[in-house]
Amino acid sequence: MTAPRVLLTGAAGYIGSHTWLALLEAGFRVIGLDDFSNSSPEVLNRLQTLSGTAPEFVRADVRDAMALNAVFSAEPIDAVVHFAAFKAVGESTAKPLAYYANNIGGLLALTEAMQRHACKTLVFSSSATVYGNPEQLPIREDAPLSATNPYGSTKLMGEDILRDLQRADPQWAMALLRYFNPVGAHQSGLIGEDPRGIPNNLLPFVTQVAVGRRPHLQVFGNDYNTPDGTGVRDYIHVLDLAAGHAAALYYLLDQRRPITANLGTGSGHSVLEVVRAFELASGRPVPVQFAPRRPGDIAASYADATLAHQLLGWRTTHDLAAMCADSWRWQRQNPNGLAG
Ligand code: UD1
């Protein structure tokens, strides 16, 4: 049997690039698509170094129906992993139309192209953000869903669109994967998270403080109802997340059944725990300043990760120390990201 051919949208991004490598290592043939709107072409060189082969790549916006048509017409695609989307919560509240246009428009263009070419196997990047402010912890997949900002709405709507499509045509096999908080980087230090401008997320900010690009970390709130008062999240190593996509693809191609699953470790860490673990891993101090709560933040969020384990045989293998060590190696080797 020839290896399945998988299209990755948003392939040059943080999760996309790590998944690309994981799929190649698992024996899939991969074609990447990205418009570099939030990533760098340098990722392709890094992937070539890591995989030993020139990556197969198309530069295009995922909403470009002609480009998608060309990709699907060139050679049959067995499955798609759809990462391409905007993901900054704050920006989404300022530019809601851009978020709906890109995230919903991209999903529609992609699924239409897939339908036209009878490719009905899809892994969709969803997010724990679809649980809103969770009533119960750990969070199970059957917990109530809600959105508190336009970015979250696009993930929830994306899931709804795909559930409707699957109900209308049960030949679709799709995995809706709800990521918790991806951190870490490939152990080579060649690929990692490369945010533009001031990072929104915790780990990129922490690493930039440690490398001297920023003076201190602002801890958003120390009066939450958590053990040390700071926010608790389920940080998951991006390599574990990438492996989860390979597992989901195997499942879909083999079982042809829809699945909605959390991808998290199942345990939470506070902001201060992350800072301490990072200081240990890096040997660098990370000065903190307490600041008011960030609007829209929740106290705690962590996954019940049993379903992914039961269905996919997948579980995480990297702990917080490894996440911090790998984030640090990436930052140290690329102090200004891929542009510098
Ligand atoms: C955020 C988004 C989530 C999105 C995810 C990936 C919100 C409310 N949620 O998750 O929808 O899917 O990013 O882009 O924005 N923190 C600090 N100082 C900082 C940065 C963060 O104290 O400079 C704290 C936060 O208050 C939080 C924790 O660190 O308690 C994690 O924050 P972050 O990395 O932004 O992730 P989420 O907010 O969980």
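One-based numbering, in listed order, for ligands and for the atoms of each.
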Student: Check each atom of ligand 1 against the heavy atoms of D297 and keep those under 4.0 Å away; list them by number with element.
Tutor: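 Taking each heavy atom of D297 in turn, ligand 1 has 8 (C), 25 (C), 26 (O), 38 (O) under 4.0 Å.
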Student: Taking the minimum heavy-atom distance to atom 1 (C) of ligand 1, which of N149, N201, V209 ranks first?
Tutor: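 Considering heavy atoms of N149, N201, V209, the nearest to atom 1 (C) of ligand 1 sits in N201.
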Student: N/O of F220 under 3.5 Å from N/O of ligand 1, yes or no?
Tutor: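 Indeed, backbone or side chain, F220 has an N or O that close.
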Student: Mark up the atoms of ligand 1 that fall under 4.0 Å of a heavy atom belonging to K87, in ascending order.
Tutor: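 Reading through ligand 1 atom by atom, the close ones are 14 (O).
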Student: State whether E193 and K87 are salt-bridged, where the test is any N-O pair (Lys NZ or Arg NE/NH1/NH2 against Asp/Glu carboxylate O) under 4.0 Å.
Tutor: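 Here E193 pairs with K87 in a salt bridge, since their nearest N and O are under 4.0 Å apart.
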Student: Show me which atoms of ligand 1 lie under 4.0 Å from any heavy atom of S127.
Tutor: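 Listed by number with element: 12 (O).
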Student: Cation-pi check, R59 to F36: give yes when NZ or CZ is under 6.0 Å from the six-membered ring centre and within 45° of the ring axis, no otherwise.
Tutor: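 Relative to the ring axis of F36, which defines the angle, R59 lies outside at least one limit.
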Student: Could you pull out all residues at least two apart from S126 that satisfy side-chain hydrogen bond (donor to acceptor under 3.5 Å, both in side chains)?
Tutor: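 Counting only residues at least two positions away or on another chain, S126 forms a side-chain hydrogen bond (donor to acceptor under 3.5 Å, both in side chains) with E159.
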Student: Counting each atom of ligand 1 from 1 as listed, which ones have a heavy atom of V219 under 4.0 Å away?
Tutor: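 It comes down to these atoms of ligand 1: 22 (O).
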Student: Just going by heavy-atom distances, which of R233, H269, Q208, R178 is nearest to atom 27 (C) of ligand 1?
Tutor: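 Checking each option, the heavy atom nearest atom 27 (C) of ligand 1 is found in R233.
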Student: Do H245 and Y179 have ring centres separated by under 6.0 Å?
Tutor: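 Yes - the distance between ring centres of H245 and Y179 falls below the 6.0 Å cut-off.
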Student: Under a single-linkage rule joining Ile, Leu, Val, Met, Phe, Trp and Tyr whose side-chain heavy atoms are separated by less than 4.5 Å, which residues share a cluster with Y151?
Tutor: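 Other cluster members: F86, V89, Y99.
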Student: Closest heavy-atom contact between I236 and D240?
Tutor: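 Here I236 and D240 meet closest at CG1-CB, 4.1 Å.
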Student: If you take the nearest heavy atom of each of Y235, Y151, Y131, which one is closest to atom 4 (C) of ligand 1?
Tutor: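 Looking at heavy atoms only, the winner is Y151.
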